[in-house]
Structure formats: structure tokens, C-alpha cells
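Counting starts at 1 for both ligands and their atoms, in listed order.
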Amino acid sequence: MKAVLLEGFGGLEVLKVGEVAVPQPGEGQVLVKVMATSINRPDLVQREGKYPPPPGDSEILGLEVAGVIEEVGPGVTGWQKGERVMSLVGGGAYAEYAVAYASHLMRIPESMSFEEAACVCESYITAFLNVFMIGGLKDNNTVILHGGGGGVNTAGLQLCKALVPATKIIVTAAPEKIERVKELGADLVVNFRETPDFSEVVKEFTNKKGVDVILDHVGAKYLAPNMNSLGYAGRLVIIGIVSGIKAELNLALMMVKRQQIIGSVLRSRPVKDKGEIVAEFTKTALPKFADRTIVPIIEKVFPLDQVVEAHRMMEEDRHFGKIVLKVAS
Ligand SMILES: NC(=O)c1ccc[n+]([C@@H]2O[C@H](COP(=O)([O-])OP(=O)(O)OC[C@H]3O[C@@H](n4cnc5c(N)ncnc54)[C@H](OP(=O)(O)O)[C@@H]3O)[C@@H](O)[C@H]2O)c1
């Protein structure tokens with residue numbers, strides 16, 4: 001089968017389209033004929049050699065697939081060859097075929113295209129898990145989502161509008177993306193280039209109360225402004241560390257304000273945990289995709305052969321929402 005292969009680790013030059021054997025579904029897995037996948041920031045980090053796949057998962061890039069079941073593996077019940085499905089995968093999505101755990105599959109609603117479905121599993125489930133299941137965001141709360149036009153952030157914004165419409169949403173964004181973030185429904189957008197310490201603006205916006213939940217992928221540089229923006233019993237959920245891993249923390253303030261800092265990753269969780277997260281997402285969020293309340297935002301669809309251009313677009317932060325790789329027609 002055709003797949004995107006890595007010739008070593010590094011920049012765009014290591015991405016090559018080549019031929020490899022079709023993977024075989026193991027116990028509890030299905031083989032998916034991949035119609036589309038999408039690019040996630042962790043793919044770029046894996047390409048650079050800094051984010052290896054969990055043991056047992058494919059070395060091929062790609063964390064989510066949308067396609068059709070080609071073969072059902074041993075021990076799988078309730079799924080048939082030919083069904084339209086989307087799934088999280090630990091790796092292997094930049095290819096014509098990929099294996100996925102049956103417990104991680106979701107049926108693609110009839111109203112959705114394969115390209116749209118290819119955007120759902122990694123970005124929306126990451127946002128759903130961390131903002132709602134871990135962060136515990138409720139309606140009428142206030143939340144900060146960092147990273148204006150990014151895949152996870154736009155997904156988080158759309159999920160908040162759909163699931164907790166009375167919640168106030170604060171977003172940090174690059175200046176060129178501010179208008180589009182506002183159009184998506186953010187109540188306050190802070191230009192992160194002009195105002196790297198957003199905590200004063202947040203205090204003013206919340207009448208000094210602070211926010212209930214923060215979804216952060218910036219890491220060290222944002223620890224202080226995040227903690228200064230968090231209200232009593234607020235939760236800071238850290239899903240990325242793009243600005244560094246070490247920072248100073250005022251433990252007294254954290255204790256007195258009963259705040260929590262929670263680290264979270266999706267990819268390396270046990271299969272069973274991911275199955276439970278997918279089941280909760282299927283029940284709570286998927287109906288909003290089926291009725292088109294949430295429509296994934298696609299910046300551009302690239303054919304698999306143009307994977308270099310797709311990675312370049314993300315590397316240069318030229319996207320708003322998701323970048324899709326179309327694998328088959
Ligand atoms: N822990 C997990 O399970 C998990 C899962 C998936 C992703 N992640 C992490 O989540 C992050 C987002 O992933 P993604 O796939 O959505 O990537 P993405 O589409 O490239 O989004 C990242 C966004 O970060 C923004 N950004 C850059 N510098 C910033 C700053 N100083 N302050 C605020 N935002 C800044 C950019 O915002 P603009 O659009 O405004 O330019 C960019 O669009 C990555 O760090 C990724 O590793 C973690």
C-alpha cells in the first residue's frame with residue numbers, strides 16, 4: 001500500500017511517499033481503508049524525532065482516520081465490512097490502510113463527508129476530554145482556550161458553543177486570526193503577540209473572579225499568567241509544552257485558591273481508557289456533528305502525495321482549523 005514514510009527524522013525533507021505492506025488487524029481490531037486523515041501538531045513533533053509512537057503502534061505518522069472497514073479482526077463484534085467509520089489510532093493514518101481498535105471506532109454520520117470526519121477524532125476528542133471530562137467545564141462558567149486558529153482550539157470553541165452555550169469563552173490568538181475566532185463565538189480574544197501576559201485582561205473581563213478552566217498547550221511561559229487568571233477551585237489542564245518545560249509556581253497562592261494543575265495526554269492512554277473516552281464523546285458530542293451544529297473547519301484538503309505542503313502549512317501557522325490529507329476518492 002501507499003504510505004508516507006520517514007527517511008530519518010528532521011524537517012520536511014524526510015517525508016517520502018513509498019510502499020509498505022498492508023497491516024493486519026489483531027485481536028479486537030479492524031482494518032480500515034483510509035479515505036482521509038488530518039494533520040495534527042504532534043505529527044510534526046514525531047517527524048522531528050521527539051514524539052515516538054507508543055509501543056505496539058505503527059511507526060507511520062497520523063493519529064486519526066476516516067474510511068471504510070475493510071476487514072474485521074478476531075474477537076470483534078458489532079462492526080461490519082463496508083461501514084463508514086472514523087477512529088483515533090496510535091499511529092499509521094498517513095496510509096491507504098490502517099488498523100484501529102473496534103472500541104475506538106465511531107460511525108460517521110450520513111451528513112458528514114470523509115474529509116470532515118477525518119478532523120474529528122484527535123482535535124475534538126482532545127478538546128472534549130480535557131475541557132469537559134477532566135476540566136469539568138459547566139454551563140455559565142468561564143474558560144480560556146489558548147491558540148486561536150489551531151485544530152484543538154477551534155474544536156474546543158465549537159464544542160463549548162454547542163454543549164455549554166452560556167459559558168464565556170476567552171481565546172488567545174495571533175493577530176491575523178482574531179476576527180475569525182470572534183466569528184466562531186469567542187467572547188474575548190487576546191492578541192498573544194501584543195499581550196503575552198493576558199492575566200490582567202482576564203481579571204478585568206471576569207470582574208477579578210478569574211476563570212474556571214484553562215486548556216493550555218503553551219506550557220512554561222504561560223504558567224504564571226495562567227495561574228493568575230485561574231479563579232478559586234479553577235483547573236489548568238496542560239496538554240502541550242511548546243514554550244518549555246520548567247517554570248516557577250507560587251504554591252501558596254495555588255493552595256489558598258484551591259487550584260488544580262492537571263497534565264494530560266490522549267495518545268499513550270491504555271486502549272480501554274481511550275474506548276471509554278470515545279464512548280462518552282459518541283454519546284455527548286457526536287449528535288452535534290450529525291445535526292450539523294458543529295461542522296469541522298477545514299483550511300485545505302491536500303492529496304496524500306502533497307504531504308510536504310500540508311506539513312509546511314501547519315509549520316508556518318497558516319491554517320485556521322484543520323488541514324486534511326485525502327488518501328482515496
Ligand atoms: N496532550 C494531548 O493529548 C494532545 C493532543 C493533541 C494535541 N496536543 C497539543 O495541542 C497543541 C495544539 O495542537 P493542534 O494539532 O491543534 O496544533 P495547531 O493546529 O498547529 O494549533 C496550535 C496553535 O498554537 C497557537 N500558538 C502558537 N503560539 C502561541 C502562543 N504563544 N499562545 C497561544 N497560542 C499559540 C497557534 O495559534 P494561531 O492559530 O492563533 O496562530 C497555532 O494555531 C499542540 O501543542 C499539540 O502538541 C496535545
Side-chain angles (χ1 to χ4, degrees), residues 37-48 50-51 54 61-64 88-91 93 118-131 133-135 144-159 170-182 184 186 189-199 202 214-226 229 236-245 262-269 273-274 277 281 296-300 310-324:
T37 179
S38 66
I39 313 280
N40 292 286
R41 183 67 62 162
D43 304 348
L44 278 59
V45 186
Q46 183 172 338
R47 189 199 72 210
E48 290 163 357
K50 300 176 201 151
Y51 192 46
L61 297 183
L63 300 173
E64 55 188 321
L88 277 172
V89 290
C119 302
V120 174
C121 294
E122 180 68 13
S123 299
Y124 288 88
I125 292 182
T126 295
F128 179 78
L129 167 68
N130 295 298
V131 172
M133 293 178 73
I134 294 176
I144 299 179
L145 303 169
H146 288 303
V152 173
N153 189 70
T154 48
L157 230 166
Q158 288 183 303
L159 285 166
I170 302 169
V171 175
T172 58
E176 58 277 14
K177 309 217 177 139
I178 289 177
E179 278 317 306
R180 288 196 68 185
V181 173
K182 281 188 186 156
L184 265 190
V189 188
V190 183
N191 176 339
F192 64 62
R193 296 228 179 92
E194 225 168 49
T195 317
D197 182 352
F198 44 86
S199 58
V202 170
I214 303 177
L215 179 64
D216 179 64
H217 69 280
V218 180
K221 243 172 66 181
Y222 275 12
L223 185 65
N226 275 337
S229 301
L236 165 61
V237 188
I238 298 184
I239 63 162
I241 41 166
V242 296
S243 72
I245 58 170
I262 306 154
S264 172
V265 287
L266 178 59
R267 187 186 196 182
S268 55
R269 281 172 189 264
D273 285 20
K274 284 203 254 185
I277 295 162
F281 184 87
I297 302 161
I298 298 178
E299 174 65 45
K300 192 161 177 178
H311 269 225
R312 194 192 312 277
M313 177 175 264
M314 180 168 279
E315 214 153 67
E316 294 173 356
D317 275 336
R318 282 186 283 119
H319 62 301
F320 190 91
K322 297 287 291 178
I323 302 166
V324 170

Inset, instruction - Give the residue, atom name and distance (to 0.1 Å) of the protein heavy atom nearest atom 42 (C) of ligand 1. - result: D317 OD1, 3.6 Å
Legend entry - Shortest non-hydrogen contact from L63 toward P42: CD1-CB, 4.0 Å
Legend entry - Atom indices of ligand 1 within 4.0 angstrom of G151 heavy atoms, with elements: 16 (O), 18 (P), 19 (O), 21 (O)
Inset, instruction - Check whether any side-chain heavy atom of H146 sits under 4.5 Å from a side-chain heavy atom of N226, and report yes or no. - result: yes
Inset, instruction - Could you find the nearest protein heavy atom to atom 27 (C) of ligand 1 and give me its residue, atom name and distance? - result: F192 CZ, 3.9 Å
Inset, instruction - Could you tell me the residue and atom name of the protein heavy atom closest to atom 3 (O) of ligand 1, and the distance to it rounded to 0.1 Å? - result: L266 N, 2.8 Å
Legend entry - Residue part near ligand 1, for V242, under 4.0 Å between non-hydrogen atoms: side chain
Inset, instruction - Kindly compute the distance separating CG (D197) from NZ (K221), expressed to the nearest 0.5 Å. - result: 11.5 Å
Inset, instruction - Please write down residue, atom name and distance for the protein heavy atom closest to atom 6 (C) of ligand 1. - result: E122 OE2, 3.2 Å
Inset, instruction - State, to 0.1 Å, how close A118 and S38 come at their nearest heavy-atom pair, and which atoms those are. - result: O-OG, 2.8 Å
Inset, instruction - Would you mind running through ligand 1 and noting each atom that sits below 4.0 Å from a heavy atom of G149? - result: 38 (P), 39 (O), 40 (O), 43 (O)
Inset, instruction - Report the nearest protein non-hydrogen atom to atom 9 (C) of ligand 1: residue, atom name, distance rounded to 0.1 Å. - result: I239 O, 3.7 Å
Legend entry - For G148, the ligand 1 atoms whose distance to one of its heavy atoms is below 4.0 Å: 37 (O), 39 (O), 40 (O)
Inset, instruction - Taking only heavy atoms of V265 into account, list the atoms of ligand 1 that are under 4.0 Å away from them. - result: 1 (N), 2 (C), 3 (O)
Legend entry - Nearest-0.5 Å distance that lies between atom CD1 in I144 and atom CG in D216: 9.5 Å
Inset, instruction - List the steps, then state whether salt bridge (charged side-chain N to carboxylate O under 4.0 Å, His left out) holds for E179 with K182. - result: CA-CA 5 Å; E179 278 317 306; K182 281 188 186 156; 3.8 Å; yes
Legend entry - Per atom 47 (O) of ligand 1, closest listed option by heavy atom (S264, P175, G147, P42): P42
Inset, instruction - May I ask you to test the I297-L184 pair for a side-chain heavy-atom distance under 4.5 Å? - result: yes
Inset, instruction - Give yes or no for whether the N/O distance cutoff of 3.5 Å, strictly under, is met between K177 and ligand 1. - result: yes
Legend entry - Side-chain heavy-atom pair E194, P175 within 4.5 angstrom cut-off: no
Legend entry - Nearest atoms (heavy-atom pairs only) where T154 meets G321: OG1-CA, 3.6 Å
Legend entry - contact_flag F320 ligand 1 heavy-atom lt 4.0 Å: no
Inset, instruction - Please report the closest heavy-atom contact between S264 and N130, naming both atoms and the distance. - result: OG-OD1, 2.5 Å
Legend entry - N or O contact, G321 vs ligand 1, cut-off under 3.5 Å: no
Inset, instruction - Using a 4.0 Å heavy-atom cut-off, say whether R41 meets ligand 1 through its side chain, its backbone, both or neither. - result: both
Inset, instruction - Flag the pair D317 and R41 as a salt bridge only when some basic side-chain nitrogen lies within less than 4.0 angstrom of an acidic carboxylate oxygen. - result: yes
Legend entry - Between CZ on residue F198 and OG on residue S229, distance to nearest 0.5 Å: 4.5 Å
Legend entry - Contact check, S123 vs ligand 1, heavy-atom distance below 4.0 Å: no
Inset, instruction - With heavy atoms under 4.0 Å as the rule, classify the contact between V152 and ligand 1 as side chain, backbone, both or neither. - result: both
Inset, instruction - Could you tell me which atoms of ligand 1, counted from 1 in the order shown, lie closer than 4.0 angstrom to a heavy atom of V218? - result: 30 (C), 32 (N), 33 (C)
Legend entry - Point-to-point distance, once rounded to the nearest 0.5 Å, from CG of L215 to CD1 of I134: 10.0 Å
Inset, instruction - Taking only heavy atoms of A174 into account, list the atoms of ligand 1 that are under 4.0 Å away from them. - result: 40 (O), 41 (O)
Inset, instruction - Run down the list H217, K221, H146 and name the one with the heavy atom closest to atom 24 (O) of ligand 1. - result: H217
Inset, instruction - May I ask you to check if ligand 1 and A173 share an N or O to N or O distance below 3.5 Å? - result: no
Legend entry - Protein residue, atom and distance nearest to atom 31 (N) of ligand 1, heavy-atom basis: Y222 OH, 3.3 Å
Inset, instruction - Measure the spacing between CG of L266 and CD of E122 and express it to the nearest 0.5 Å. - result: 5.5 Å
Legend entry - Exercise: identify the closest heavy-atom pair between N191 and R193: OD1-N, 2.9 Å
Inset, instruction - Could you check atom 21 (O) of ligand 1 against the protein and tell me its nearest heavy-atom contact, residue, atom and distance included? - result: G150 CA, 3.1 Å
Inset, instruction - Could you tell me whether H319 approaches ligand 1 through its side chain, its backbone, both or neither, with non-hydrogen atoms closer than 4.0 Å? - result: side chain
Inset, instruction - Just let me know how T126 lines up against ligand 1, side chain, backbone, both or neither, with a heavy-atom cut-off below 4.0 Å. - result: side chain
Legend entry - Result of checking E64, Q158, K322 against S123 for side chain to side chain donor-acceptor pair (under 3.5 Å): K322
Inset, instruction - Give the numbers and elements of all ligand 1 atoms closer than 4.0 Å to a heavy atom of N40. - result: 15 (O)
Legend entry - Contact atoms of ligand 1, heavy-atom distance to T172 under 4.0 Å: 33 (C)
